Peer 1: 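Structure incoming, see below.
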Amino acid sequence: MSQAESAELFQHPDRNLAMELVRATEAAAIRATPWIGRGDKNAADGAAVDAMRKFLATVAFSGLVVIGEGEKDDAPMLFNGEIVGNGQGPQCDIAVDPIDGTSLTAAGRSHAISMIAVADRGSMLDASSVYYMNKLVTSEEGIGVVDIHRPIGENIRALAKAKGKPVEEIRVAVLDRPRHEVLIQEIREAGAGTRLILDGDVASGINAARHDTRIDMCVGIGGSPEGVATACAIKALGGFMQGVLHPMDDGERQRGLDAGLLFDHTYGLNDLVASDNTFFVATGVTDGELARGVRRAGNIISTESIVLRARSGTLRRVSADHQASKWLDD
């Protein structure tokens, strides 16, 4: 290997990094397991954060947390601007959420995941100063067909035609929030069905871009940080995504402007994450379409994870059995 090739590998994340990061999401999911259904989302999140930080410290990379859980003073959160890893590998931007769906975990509901997204350093949009973003995600059939600025009914009919299926078979994922009452009504009036999400729209966005799920589209106003993380996965799936920032008040809008964000702009995939060398890894905390939740049978803890890589356009599933005595107290 030439010196130039060695430098290239050092500067950019490779597939071995993705497999190392799975260990961190597995650890976070396993540590959160005792708190499933116990009504304490902060305890679940704290356990997951501690486990993820510990495992990330062993990974051969220098990861800058662009999308984290808060500021440094909010420890034990993985905070925005934190550097993780052992510093001996590629320099990367990362988006982390030790539990996407803490309320789901606390209530014992499905679709909670632990996730990490990775891209080349300097390529992720830092949208942390504006909490909400209006998003539209579909599979590749939506490219050049749907647009976030069109009425939802038009987008549904256009996507149904592109996918070669009746409108009544289209399923649209939306966060179940009062702000989406009109949107939900319009989806149903168009003849499509809804999949209402209680919490955490990352998994639903990914499922909208996959070929083997019942979700065809994910729309609505959700977290901006989650939007950037989702974009890393959508690049690997070859799907379509747009986002428009949605400030809650003039103060938040001004903070966004001060940070260089654009409000009269439609953020496409390359705006949300400029690199084509992205990874997304997630481990199921509770059962969902994206990944099965953590299970324990005697001394064995089983996990299921997905690994998405944009450069190769692959989705891999990783099933692992862990000795419970290494993880949890009886």
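Small disclaimer: the values here were computed from a predicted structure and weren't measured. Along the sequence shown, the residues carry numbers beginning at 1. All heavy atoms count here, side chains included; hydrogens, waters and symmetry mates do not.
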Peer 1: Name all pairs fulfilling the salt bridge (Lys or Arg N to Asp or Glu O under 4.0 Å) condition that reach into residues 144-159, sequence neighbours left out, sorted by first residue then second.
Peer 2: none
Peer 1: Looking at side-chain heavy atoms only, is the closest gap between Arg296 and Thr33 below 4.5 Å?
Peer 2: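 No. Closest side-chain heavy atoms not under 4.5 Å.
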Peer 1: Taking the six-membered ring for Trp, are Tyr267 and His265 closer than 6.0 Å centroid to centroid?
Peer 2: yes
Peer 1: Examine Arg309 relative to Phe280 and say whether NZ or CZ is less than 6.0 Å from the centre of the six-membered ring and inside a 45° cone about the ring axis.
Peer 2: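 No.
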Peer 1: Are Glu289 and Arg195 ion-paired here, with the side-chain N under 4.0 Å from a carboxylate O?
Peer 2: yes
Peer 1: Kindly write out the residues that satisfy side-chain contact (heavy atoms from CB on, under 4.5 Å) with Ala231, not counting sequence neighbours, or none if the list is empty.
Peer 2: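 side-chain contact (heavy atoms from CB on, under 4.5 Å) list for Ala231, sorted by chain: Met241, Leu269, Leu272, Val273.
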Peer 1: Regarding Ser123 and Ser275, do their side chains bring together a donor and an acceptor under 3.5 Å, going by distance alone?
Peer 2: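 Not at all, the side chains of Ser123 and Ser275 share no donor-acceptor pair under 3.5 Å.
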Peer 1: Can you tell me how far the CG atom of Leu56 sits from the CD atom of Glu20, to the nearest 0.5 Å?
Peer 2: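 Here the interatomic distance stands at 10.5 Å.
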Peer 1: Pick one: which of Val22, Leu17, Ile306 meets side-chain contact (heavy atoms from CB on, under 4.5 Å) with Val281?
Peer 2: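 The side-chain contact (heavy atoms from CB on, under 4.5 Å) with Val281 is passed solely by Val22 among Val22, Leu17, Ile306.
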Peer 1: If we check side-chain contact (heavy atoms from CB on, under 4.5 Å) with Cys92, which of these qualifies: Asn277, Val84, Val118?
Peer 2: Val118
Peer 1: Does anything in residues 240-264 form a salt bridge (Lys or Arg N to Asp or Glu O under 4.0 Å)? List the pairs, not counting sequence neighbours.
Peer 2: none
Peer 1: Decide, yes or no, whether a salt bridge links Arg295 with Glu304 under the criterion of side-chain N to carboxylate O below 4.0 Å.
Peer 2: no
